[in-house]
Every structure is written in C-alpha cells, then in structure tokens.
Amino acid sequence: MTYKPKSEFLHVMQTRGFLQDCTDLEGLDERLLEGVLPAYIGFDATADSLHVGSLIQIMMLRWLQKTGHKPITLMGGGTTKIGDPSGKDEARQLLTTDQINENIAGIRKVFTKYLSFGNAATDAIQPNNADWLDQLNYVEFLRDYGRHFTINRMLSFDSVKLRLEREQPLTFLEFNYMLLQAYDFMELNKRYGVGLQMGGSDQWGNIVNGIDLTRRINHTEVFGLTTPLLTKADGSKMGKSASGAIWLNEDKLSSYEFWQFWRNTLDADVGKFLKLFTELPIAECERLGALQGSEINEAKVVLANEATTMAHGAEAAAAAEATAREVFEKGGVGDDLPTALIAASELSDDGISIVQLLVRSGLVGSGKEAKRLISDGGARLNDEPVTEAATMVTEAELSDAVKLSAGKKRHALAKLDS
C-alpha cells in the first residue's frame, strides 16, 4: 500500500507528481511535522539564467515555503568551477570566477519571482558553496573526508557509468564533484540545520553520498528526496524547443515566447504540467487535462497564463495571450511578438535575404535550417508562403516591420533599427 504522508509538503509532492524516491519517507514525514525544516537544492551557475528544465525543482522549493518550511537555493560558485558529470556526455567548459558571479546574479532574478527571501524562519536564503569550498586545503580534505568514499561505490553511480560506457573521458576534476557535493550537504547541515536535499533523480547518488557523510561527520539524521526526470509525451527533453532553451529570465526569452511554449504543450501533457507548474487545485488540473478536441486548447491557455504569471507577472501573461489571439485567431501581427531589429549595415542594395531574417529572428538556428524550412513549405513572410531561399526583403518593407512565420505556431517580427 502506498504510504500516505501526514505533512502538507509531502502530501503536495505526492499528489502533484513531484515525488520519485525518498531515502526515508516516513522519517522525513515525521520530521516535517516537528517544525520548520530547512531544505536545499543546488544549482550550478553555468548560465546567467535557469531554464524550464529547472522549473520542477524551483516549484518544489516554492511549495516547501508555502507549506511552512525554509527553502535554500544553494549556488554552486565552487562546484561550477569543476562541473557536474551527471547526465553529461562530455566535460563542461570551465568558467572564470567573474563569469560565475555574473551568472549567479542572473539566476537570483529567477528565484525572486518564485520565493520570498529574508530573515524570517521560512524565508529563503541563497548561500554560495564557494564560501567554504574555496577555503578547503586539498590534502586535509582528502584525509578527513576522502576516506569515507570508495572508488568501487563511486564507479557504480549512473553519472559515472554513463560516461564510461560511452567511452567518453571523465576527468579526475569531475570525479571530485560528488565528494564536494556531499561536503555541501554536511556544511549546510552544520551552518543552517539543513535536513533535506532535493533534486532530480539523476542526483540520487550524489544525495545519498551527502546523507552518508553528514551522518558520519555531524552525527545527524538527514534525508533525500528526488523528482522524476521530466520528459514530454513525445519523449523530448523538457526545457527545450525548436529555437533553443526556454529561459526563465525575460532578458533571455520574451514573455510571449515563454507563454507560447506552454500554449504549445502536447495534449497528453496538459494535466501533468498543470499539477507541476501551476498552483491550481488538483481537481481543476484533472478537469482541464481531461478536456478533448478543441476544448483542450483553452486548457493550454490556462496553463500558459498561470506559468507566465508566476515567471513574469499577470500583465505579461495577459499581453502574451492578447498577442496570441491577435496572431492566431484574427490573422494579425500582434504587438508583443518577439522582434528582431535589423541594422542598416546588415542590408545590401537589395535588402536582406529571408534566410538571414529567419535566423536573426530566432525562428531557426542556422541558414541550413532556414532553407530546409522554406523547401518544406513552412516559411511565411507576412502570412504568404516563401518558396525561394533567395527571396530578399527590402529596406522599405523592413521600415514598416514584416511578420515571419515558421509553421503555424511560431511567429516573429523583423524591422529596421531606427
């Protein structure tokens, strides 16, 4: 029989689809009932924003705070210098300290939309593991903590096995990552009383290592909880679209494009995504997810509005919906469409090619992709089919703005930068 949690947080995790595995579900449930529990998720600062692929973790922290506990968004200022091998086929590019700090500042903007930061018992905090990892003496670290890890066990973790099975190199630098992440849990437990680490299921091995080290060194009972690795109904990875990553910061991706990503959700995913990425009641999520035919499209609008309101505000969501209805239902242009500004220096005497415009607008990733789109009949200019890759758009046309389309659902504007 499935265990039914008594604590509100675990009840939410279980009923809304966040819960994959827990090291001790009943023990964690009891601890949550005793009072405020500080819990953390670690985020490496590899970019200056997080994308939708991290949103399930952010929503876990949001629910943690809403149910009376303390979320900790640990920034990997130290571990980013190494790179987490989990789920990766090759080593990450190493970043400088300045780049990492700039990325942390950008990521902070994401968290402030979803969490309340401050000094109260349940307010979120954002420590940086560089504060303790940068101070470590490597020889002392190996002597004091390295002896608690066996190579045999480390080789058994999926993050390591995947790389070795594919004969991809795994550097000794990356191999240290799991020791440092385990050290983070121990240090956070010591500094802030953290009793729970959460993450995706690919982090299970790292989380278990941290629990084991914390118990050995701090003699404290702590817990781990993971979420399912989320894929869409067609098997594709969550957080990606045809035009790239779905970033959570508006300076990386417009609120319209963010809204449109959710509006384009596959029918089979609507109910699941409503439970994970909105705060609508479970019964309403299930009702909307069960709609059929054209009615499911209104459920997708609800999903898009709820997700966009959380990330960018109610005004941005309303503007995105208005633009979408203008573009899709009335055949108009829509003021909120993403716009590529074309400098006069980019124009030849004949203007600029449609291929270049499609790339500049972000509707395709390369000229080759643009040509394929045109040959497949999916490219439109001002709602008219484009049949020739050699088509030129003149300076006069750009002065009034042109509408570009890739298929039926993706649109952008291009105009002369005045």
Side-chain angles (χ1 to χ4, degrees), residues 9-10 12-25 28 39-47 49-65 69 71-76 79-80 82-90 92 103 107 110-111 114-115 124 126 129 154 156-163 170 174 177-182 184-185 188 194-212 222-233 235-240 245-248 269 272-273 275-277 307 311:
F9 175 66
L10 282 185
V12 169
M13 292 296 98
Q14 190 177 77
T15 57
R16 298 189 81 95
F18 287 90
L19 185 57
Q20 172 81 10
D21 286 305
C22 182
T23 53
D24 178 3
L25 194 60
L28 175 58
Y40 89 100
I41 298 177
F43 299 87
D44 278 345
T46 53
S49 174
L50 298 174
H51 60 63
V52 164
S54 296
L55 192 52
I56 190 170
Q57 317 300 338
I58 296 170
M59 290 300 293
M60 286 175 80
L61 291 169
R62 183 176 170 90
W63 280 114
L64 184 85
Q65 188 168 56
H69 301 282
I72 295 177
T73 62
L74 176 67
M75 295 312 306
T79 42
T80 302
I82 293 175
D84 182 3
S86 300
K88 300 291 180 294
D89 287 341
E90 56 188 27
R92 281 176 171 159
N103 289 346
I107 292 171
V110 174
F111 289 127
Y114 293 88
L115 302 170
Q126 186 172 303
N129 66 13
M154 293 167 76
S156 73
F157 292 134
D158 288 342
S159 59
V160 174
K161 284 199 298 186
L162 176 69
R163 291 277 281 277
L170 177 71
E174 293 172 283
Y177 186 94
M178 59 185 76
L179 275 73
L180 296 178
Q181 185 169 325
D184 282 346
F185 200 169
L188 288 167
V194 171
L196 171 65
Q197 181 184 358
M198 303 184 290
S201 58
D202 62 334
Q203 293 297 314
W204 181 256
N206 289 334
I207 291 173
V208 170
N209 269 339
I211 290 171
D212 189 47
V222 292
F223 305 92
L225 184 153
T226 60
T227 61
L229 283 182
L230 197 61
T231 55
K232 293 185 276 189
S236 61
K237 194 173 182 180
M238 185 67 183
K240 299 285 186 181
I246 304 301
W247 298 105
L248 298 176
D269 285 330
K272 177 171 71 172
F273 286 4
K275 290 178 186 177
L276 291 171
F277 302 117

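Just so you know, these numbers come straight off a predicted model, no measurement behind them.
The shortest heavy-atom contact between Gly210 and Phe185 is C-CD1, 3.7 Å. Nearest heavy atom pair, residue Val194 against residue Val222, reads O-CG1, 3.8 Å. Between Pro228 and Ser201, the closest heavy-atom pair is C-OG, 4.3 Å. Minimum interatomic distance between Phe277 and Ile56 (heavy atoms only, all atoms of both residues): CE2-N, 3.7 Å. In this structure, Trp247 and Ser49 approach most closely via the heavy-atom pair CZ3-O, 3.3 Å. Considering every non-hydrogen atom in both Leu276 and Arg16, the closest pair reads CD2-O, 3.5 Å.
Residues Thr80 and Asn129 form no side-chain contact, since every pair of their non-hydrogen atoms from C-beta on lies 4.5 Å or further apart. Side-chain contact between His69 and Leu196: absent, with no pair of heavy atoms (C-beta onward) separated by less than 4.5 Å. Within the 4.5 Å cutoff, the side chain of Tyr40 has heavy atoms near those of the Asp184 side chain. Residues Leu225 and Leu28 are in side-chain contact: their nearest non-hydrogen atoms beyond the backbone lie under 4.5 Å apart. Using a 4.5 Å cut-off on side-chain heavy atoms (C-beta onward), Asn103 and Met75 make no contact. Using a 4.5 Å cut-off on side-chain heavy atoms (C-beta onward), Ile58 and Leu50 make contact. Proximity of Thr23 to Trp204: side-chain heavy atoms (C-beta onward) are separated by under 4.5 Å at one or more points. Taking the side chain as every heavy atom from C-beta outward, Gln181 and Gln203 approach each other to under 4.5 Å.
How far CD1 of Ile41 is from CE of Met60: 5.0 Å, rounded to the nearest 0.5 Å. Once rounded to the nearest 0.5 Å, the distance linking CG of Leu180 with CG of Asn209 reads 11.5 Å. Atom CG of Leu115 is separated from atom CG of Leu64 by 9.0 Å, given to the nearest 0.5 angstrom. One distance of note links OG of Ser54 with CD1 of Ile246; it measures 13.0 Å at 0.5 Å rounding. Remark: Thr73 OG1 to Gln57 CD distance equals 13.0 Å, nearest 0.5 Å.
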- Message: Could you go through Leu55 and Met59, starting from their C-alpha distance and side-chain angles, then the distance that decides it, and tell me whether this counts as side chain to side chain contact (heavy atoms under 4.5 Å, CB included)?
- Response: CA-CA 6 Å; Leu55 192 52; Met59 290 300 293; 4.3 Å; yes
- Item | Intermediate values then yes/no, side chain to side chain contact (heavy atoms under 4.5 Å, CB included), Leu19 and Leu25 | CA-CA 10 Å; Leu19 185 57; Leu25 194 60; 4.0 Å; yes
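Looking at Asp269, its side chain does come within 3.5 Å of a backbone N or O of Ala233 through a donor-acceptor pair. Counting only distance, with no hydrogens or angles, the side chain of Thr227 and the backbone of Phe18 share no donor-acceptor pair below 3.5 Å.
Partners of Thr15 under the side-chain contact (heavy atoms from CB on, under 4.5 Å) rule, at least two apart in sequence or in another chain, are His11, Ile282. By the ring-ring contact (aromatic ring centres under 6.0 Å, His included) test, Phe111 pairs with Phe43, sequence neighbours left out. Checked against salt bridge (Lys or Arg N to Asp or Glu O under 4.0 Å), Arg62 has the following partners two or more places apart in sequence or in another chain: Glu279.
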